[in-house]
Structure formats: structure tokens, C-alpha cells
There are 2 protein chains.
Amino acid sequence: MEREWNDNQPIYRQLRDRVVAMILDGVLKEGDPLPSVRNVAAEYRVNPLTVLKGYQQLVAEGLVESRRGRGMFINAGARSVLLQGERQKFLGEEWPRIQSAIQRLGLKVEELLNGSRPSSTAAPSKPAKSDPPEEES
Amino acid sequence: MEREWNDNQPIYRQLRDRVVAMILDGVLKEGDPLPSVRNVAAEYRVNPLTVLKGYQQLVAEGLVESRRGRGMFINAGARSVLLQGERQKFLGEEWPRIQSAIQRLGLKVEELLNGSRPSSTAAPSKPAKSDPPEEES
DNA sequence: CAGACTGTTATAGTAAACTATAACACTAGT
DNA sequence: ACTAGTGTTATAGTTTACTATAACAGTCTG
């Protein structure tokens, strides 16, 4: 299991993202309880407050309900709300940047999407001008 | 021009990434001077120290040489080194996560390839199991 | 009630990122 | 030499993320 925090994102946000992924993947279904704050904290060797903060993101998004003394539970409709929201965020904010990066690196989007491994020896020796960034003296 | 720092990344790293992008795009060629620390700081309304920190990342990577009193200059071979290194980083670290996200969101290859607006009404009602994250009580 | 589990709040400390202000060091043009 | 442009360092303060430790507040089971 992933006990590491590879990214450059704060842990509490990665935690939030993992729960979101679990909901989307159907590992956590609506009505299910989230693993308890203390358990997660112990399991991932992280401060309970950090876990709580991640969870409360989800509460703020309306995906999860917190019942004191009982636990935190996934709301009805969470998955579809998520599916729509995360899609929009991905297509609107992330994908454009990803596409730029791919092009900049001389990689083919189609190859990547089709899962074919690039040989990584074919490098464009000429820059592919497309969207010249700004610069000023 | 982009004067904003949309991301969740530290500014100095975004700064570094922008310069890298400019090198890859051929906007900045080998031997060229980088825009001066003070100018960038003023232009982007950011602290000179932050700019310097971003630039020094590039020095540490061997992409840029700093000459006191003159400026900072892009090293010979910077672009090809970059092309290889950034590719590896992208394919090894970023793309796998991106792929997971795409699959999780049930996005179609065509939607991604065309800049077309997703109709957002076709949502997979059944989770696409693939790589079940861990959970424990 | 007692005990064991939930979420939550309080207090306090560390580290990283960023900021403001200022000075130092070096190069080039006049 | 003077000046204006480079990079660089020093000092110090703010904010955010994370941590440790502890206590408070509910729920449920025995």
C-alpha cells in the first residue's frame, strides 16, 4: 500500500484525493464510513490533525458527513457530484497544462493515450514553436 | 502574459518550470541570458529572493551558469539534457497518475484529443475497478 | 456507569515559502 | 571615477503545513 507522499502537494490534500479516488473507484460506497481519523493517522504515521484536515475538506465539499462519536460517512450522491466536478476540474485546469507539457517534450498524445511505450530515442532537434511564453528585459 | 501563480506549487519552482519551458520551446536559446532577477521580480511582482531561488535551481541542475555582475546564461547542451530529463520525469512520475485520473473519471480518448466540450451527461454508473486502493479498519 | 471507540478543540513548536529592506560584490559603458 | 546594470548575502517578519501532546465531547457495548 502507498504509505508515501511522493507529490509536492500537502499531505492533507493528498489524503483528500485518495478518498476521492476510492469513492470514484467504488471502493468506498455511499453510506460507508471513512476509516477513522486515528486509524489513518497511525497507519500512515501522520498527525491526526492532518488527517482531520483532509477529511474536513470533504465535509466542506458536501461529500461527507461527520457524526460526532460515530464517524464520518459518505453522503448520498457523492459519487456523481464528484464525477462531474472532478471532470470539469481536470479538463479545465489540468489537461491543458498536461497537453502543453506533452507537446513541449516532443511526445505524442495519441501514443500516450493508447498506452504504447515511446522509444524515447526520437528527440525533436528543432523546437516546436506553438505558444511562445512571454519575456521582457 | 501569465502573471499569476495558479498552481499549488511554490512560486520558485513554477518560475524554474517556466524557464525550462522557454528553453524547450526555443524561446531561450543556449548562450542567451535569462531575464534579470530584478526585472522578473518587478514584472511578476515577486520578491527578488524568490526569483533567485528559482534560478538557482537551474544552476544546480547545470542548465544555467551564473556570472556575477553579468547575468545568468543558458549552458550549451541545456536543451537536450532537459529534453531527456524532463521526459523521464514526466513518463515516470506524472503520466501514471494522469492515466489513473483519466480512467477514474471515465474520460474518452476522443474527448481529450479534440478540444471538444464533454457532454457531461454520459457518466459511467458503474465504477471501473482497476487498482483498488488500500483500506484498513 | 465504565470503557472503548468515534470526531473535535486547544496549546505550542518546527520548518518551508514568501516577503520587505538593505547592503555587498562584480562588470560594463560613459 | 562614476553610474547603472548584473548576481548575492544578511536580517527579520508573516503565513502555511505539519507535528506532538493533551484534553474535551459525543456514541455505543458491556
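We name chains A, B, ... by the order of the sequence lines, and we start the count at 1 in each one. Being a predicted model, the structure only gives us computed values, none of them experimental.
Contact annotation: T50(B) does not reach the phosphate of dA17(C) (side-chain N/O to OP1 or OP2, under 4.0 Å). OP1 or OP2 of dC5(C) has not a single side-chain nitrogen or oxygen of N39(A) nearer than 4.0 Å. Phosphate proximity of dT8(D) to S66(B): present, with a side-chain N or O under 4.0 Å from OP1 or OP2. Between K53(B) and dC18(C) there is no side-chain polar atom (N or O) within less than 4.0 angstrom of OP1 or OP2. OP1 or OP2 of dC28(D) lies within a sub-4.0 Å distance of a side-chain N or O belonging to R70(A). Using a 4.0 Å cut-off, some side-chain N or O of Y12(A) falls inside it from OP1 or OP2 of dA17(D).
Both tests do not hold together for R45(B) against W5(B): distance to the six-membered ring centre under 6.0 Å, angle to the ring axis within 45°.
Closest approach to the Q56(A) side chain among dT9(D), dT8(C), dA17(C) is made by dT8(C) (side chain taken as heavy atoms from C-beta onward). Among the nucleotides dA17(D), dC18(C), dT6(C), the one closest to the side chain of R13(A) is dA17(D). Nearest nucleotide to the M72(A) side chain, out of dC18(D), dC18(C), dT8(C): dT8(C).
Among the heavy atoms of the strands, none lies under 4.0 Å from Y55(A).
Comparing R67(B) and P10(B) by the nucleotide of DNA chain C whose heavy atom lies nearest to each, the residue mapping closer to the 5' end is P10(B).
Rounded to whole Å, atom C1' of dC24(D) lies 14 Å from atom CG of L52(A). Here the P atom of nucleotide dA17(C) and the OH atom of Y44(B) are 21 Å apart, to the nearest Å. The nearest whole Å value for the distance from the CD atom in E65(B) to the C1' atom in dT27(C) is 15 Å. Between the C1' atom of dA17(C) and the CG atom of N8(B) lies a distance of 14 Å, rounded to the nearest Å. Atom CD1 of I11(B) is separated from atom P of dT15(D) by 16 Å (rounded to the nearest Å). The interatomic distance linking Q14(B) (CD) with dC18(C) (C1') rounds to 13 Å, in whole Å. If you measure from atom CZ of R16(B) to atom P of dA17(C), you get 15 Å, rounded to the nearest angstrom. Separating the CG atom of L15(B) from the P atom of dT19(C) is a distance of 10 Å, rounded to the nearest angstrom.
The backbone N or O of V27(B) sits nowhere less than 3.5 Å from a side-chain atom of D25(B) that would complete a donor-acceptor pair. N75(A) places a side-chain N or O within donor-acceptor distance of the main-chain N or O of G62(A), the cut-off being under 3.5 Å. At distances below 3.5 Å, at least one donor-acceptor pair connects side-chain atoms of Q14(A) with backbone N or O atoms of Q9(A).
Counting heavy atoms from C-beta outward, F90(A) and R104(B) have side chains that stay 4.5 Å or more apart.
In this view, E86(A) and R16(A), V20(A), L82(A), K89(A), L105(B) satisfy the side-chain contact (heavy atoms from CB on, under 4.5 Å) rule, not counting sequence neighbours.
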Enumerate all atom pairs, one protein N or O and one N or O from nucleotides 21-25 of chain C, separated by less than 3.5 Å.
from    : atom 1 : to     : atom 2 : distance (Å)
dA25(C) : O4'    : R68(B) : NH2    : 3.0

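To the nearest 0.5 Å, the span separating OG on S66(A) from CG on L34(A) amounts to 10.0 Å. The structure places CH2 of W95(B) at 9.5 Å from CG of L107(A), a figure rounded to the nearest 0.5 Å.
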